Amino acid sequence: MEKIVSLCKRRGFIFQSSEIYGGLNGLWDYGPLGVELKRNLKNYWWQVTVHERDDVVGMDGSILTHPAVLKASGHVEGFSDPMIDCRTCKAHLRADQLVEKKGVKQCPNCGGKDLTAPRQFNLMFETQVGAAADESSIAYLRPETAQSIFVQFKNILEVSRKKLPFGIAQIGKAFRNEINPRNFTFRSREFEQMELEYFCRPEQGMELLEYWKEERLKFYENIGIPRNKLHVLTVPDDERAFYSKGTYDIEYDFPFGRQELEGVAYRTDYDLSQHQKASGKSLEYFDEEAKQRFVPHVVEPSAGVERTVLALICEAYSEDQAPDEKGKMETRIVLRFRPRIAPIKCGVFPLLKNNPQLVGKAKEIVSRLRPQMTVFYDESGAIGRRYRRQDEIGTPFGVTVDFETLGEKDPALRDTVTLRDRDSMKQERVTIQDLPAILRDRVV
Ligand code: ATP
């Protein structure tokens, strides 16, 4: 993990938030490469969840949430973790983080045994909307994106004219005042969720729970997280939310242990029924064929953007041996991202920076490729060093413009370049003409 955290900072994936002021715990900023990685992940999720399906539409709800919504959903009352303080080192701890030695509970930081009794700590961030700072102005930063989907269910049903089963998808920020943020970005206080609420008839719920679990496993494989690193945990009855008839956690083998990436839950009709009761507005669906009116049930796959980004980086990180400029073997750090996820798709390098013809050709290639993909132009340093810099950030392809491109050695090679593959380090010669199409086929 240390190597990964340091690479993330050194190469501009992830920085601590407000770092120059000492940082704010549990908050992170994503740099130039991190933001590309995040966007690629979110775009691919949106593509397969919304654009490629006829039965899912999207929405984008507000972050500040009316307290009535979160009262009805149960968050104001119950969205809390049991907290214990260590009187010795003053740490605030989540009850399940205590360590037990010889049957005695201890503080994991200092080993202290003088602990307070557990008390419930609500994880929601509260704020005030408008100028009047009183009870009536309280609002919350949403702790999950799902509630705005439930609250807009009727509007979206009407405008989209979808029939059951159908889903509403959303990607957006969520906030939780976690007692103990840790494991780099894994448990943060501000994060993004990719959530789908897939509404159905009651009798379809269990079957759709299985269906969505399988779809989500396929998704992770398609972004480069192999099936053997993923684990499906069936959440036991006593740990499941009381309204859920079945929940799976999809877990990944992080370097710090096996941890949840995503929850897939069959939430029955709990959320819509609660909002119907509390708002007094009907959230029922009318099934024209069966001539039935009922509150739909829902299956929810809910994934975390940052946790998936972290899994992608952990999975991609590798070290191998490669020859340096003088042919001596050295350790090479490579992020083996799937091309569709890689922040930069292609590096373009003129062999020499002081040769205007080489530079001109390389820049021409950059402008041809840029409308289609992220490209990094680099003319400084030995070519081997430039390859290494791109390997380290996971750029899958490298294009080098050399003297053969100018037709100096063999006129038949004029306007061809070398195309290097990050993983095999093999090079092939392709024409500049064919390059955009070749890369387009390989970056999906
Ligand atoms: P955990 O048990 O790890 O706290 P959870 O079961 O409370 O997670 P859910 O409420 O099911 O999480 O949220 C769905 C997803 O949102 C999680 O699988 C995770 O990917 C993401 N998520 C939840 N809390 C955090 C957090 N504090 N930081 C980053 N991602 C989070």
Side-chain angles (χ1 to χ4, degrees), residues 14 16-17 24-30 34 38 41-42 45 49 70 73-75 78-83 93-97 120-125 140-150 169-198 209 212-213 216-217 219-220 223 225 230-236 238-244 246-252 254 256-267 270-271 298-314:
I14 302 169
Q16 192 180 15
S17 174
L24 251 180
N25 198 8
L27 298 165
W28 303 92
D29 293 340
Y30 285 71
K38 255 190 176 182
L41 170 65
K42 290 189 281 182
W45 187 91
T49 313
L70 295 162
S73 66
H75 285 86
F79 193 62
S80 49
D81 278 342
M83 181 166 83
L93 305 161
R94 234 171 57 173
D96 62 357
Q97 290 168 348
Q120 289 301 320
F121 175 75
N122 194 300
L123 301 182
M124 286 201 294
F125 285 97
Y140 298 97
L141 302 190
R142 62 183 178 192
E144 60 179 30
T145 69
Q147 294 308 320
S148 54
I149 299 182
F150 298 127
Q170 177 169 209
I171 299 179
K173 290 266 187 182
F175 302 81
R176 295 181 188 178
N177 198 3
E178 297 282 357
I179 296 171
N180 210 346
R182 57 187 188 162
N183 289 331
F184 196 22
T185 57
F186 178 83
R187 187 172 298 288
S188 311
R189 289 184 165 136
E190 173 174 343
F191 54 96
E192 272 183 284
Q193 291 183 314
M194 305 182 281
E195 292 197 301
L196 169 67
E197 302 303 325
Y198 196 77
L209 175 66
W212 279 109
K213 175 197 66 179
R216 298 303 305 145
L217 288 169
F219 175 87
Y220 288 109
I223 57 173
I225 301 182
L230 295 168
H231 305 275
V232 178
L233 172 83
T234 305
V235 178
D238 56 336
E239 287 176 28
R240 228 169 37 218
F242 69 89
Y243 48 79
S244 169
T247 302
Y248 293 119
D249 282 350
I250 299 180
E251 300 179 321
Y252 170 73
F254 284 96
F256 45 83
R258 187 174 292 178
Q259 298 279 354
E260 174 181 331
L261 275 184
E262 163 159 4
V264 185
Y266 171 26
R267 299 173 68 115
Y270 173 76
D271 304 273
V298 74
V299 173
E300 173 199 77
S302 169
V305 173
E306 288 76 5
R307 282 190 189 179
T308 311
V309 162
L310 186 58
L312 286 169
I313 296 174
C314 293

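Only a predicted model underlies this, so the values are computations on that prediction, with no experimental measurement involved. One-based numbering, in listed order, for ligands and for the atoms of each.
Each of Tyr198, Tyr266, Tyr248 was evaluated against Trp212; a single residue qualifies, Tyr198, per the ring pair (Phe, Tyr, Trp, His ring centres under 6.0 Å) test.
Using modelled atom types, one finds no donor on one side chain facing an acceptor on the other under 3.5 Å when comparing Asn183 with Gln259. In this structure, a donor-acceptor pair under 3.5 Å is absent between the side chains of Thr185 and Glu306. For the residue pair Gln170/Ser148, the side-chain donor-acceptor check at 3.5 Å is satisfied.
Looking at atom 22 (N) of ligand 1, its nearest protein heavy atom turns out to be Phe191 CE1, 3.4 Å. Looking from atom 28 (N) of ligand 1 to the surrounding protein, the closest heavy atom is Ser188 N, 3.0 Å. Of the protein's non-hydrogen atoms, the one nearest atom 19 (C) of ligand 1 is Arg307 NH1, 3.5 Å. The protein atom (non-hydrogen) at minimum distance from atom 16 (O) of ligand 1 is Gln193 NE2, 3.3 Å. Of the protein's non-hydrogen atoms, Glu260 OE2, 3.4 Å is the one closest to atom 17 (C) of ligand 1.
Counting atoms of ligand 1 from 1 in the listed order, those under 4.0 Å from a heavy atom of Phe186 are 28 (N), 29 (C), 30 (N). Atom numbering of ligand 1 starts at 1 in the shown order; those under 4.0 Å from a heavy atom of Gly304 are 20 (O), 21 (C). Listed by number with element, the atoms of ligand 1 under 4.0 Å from a non-hydrogen atom of Gly263 are 18 (O). Less than 4.0 angstrom separates some heavy atom of Ser302 from each of these atoms of ligand 1: 13 (O), 14 (C), 15 (C), 18 (O). The contact set between ligand 1 and Glu262, taken as ligand atoms under 4.0 Å from a residue heavy atom, comprises 18 (O).
Between Phe256 and Phe254, the ring planes lie parallel to each other; the angle is under 30°, not in the 30° to 60° tilted range. Between Tyr270 and Tyr243, the ring planes are parallel. Angles under 30° get that label, and only those over 60° would be called perpendicular.
Side chain of Asp96 to main chain of Pro82: no donor-acceptor pair is present (N/O by atom type, distance under 3.5 Å, no hydrogens or angles).
For the residue pair Arg216 and Tyr220, the shortest heavy atom distance occurs at O-CD1, 3.0 Å.
Side-chain contact between Arg267 and Phe150 is present, with heavy atoms from C-beta onward closer than 4.5 Å.
Nearest to atom 9 (P) of ligand 1 by heavy atom, out of Arg176, Glu144, Gln259, is Arg176.
Heavy atoms from both the backbone and the side chain of Arg187 come within less than 4.0 Å of ligand 1. Heavy atoms of Leu261 found under 4.0 angstrom from ligand 1 belong exclusively to the backbone.
For a threshold of 3.5 Å applied to N or O pairs, the pair formed by Arg94 and ligand 1 contains no separation below that value.
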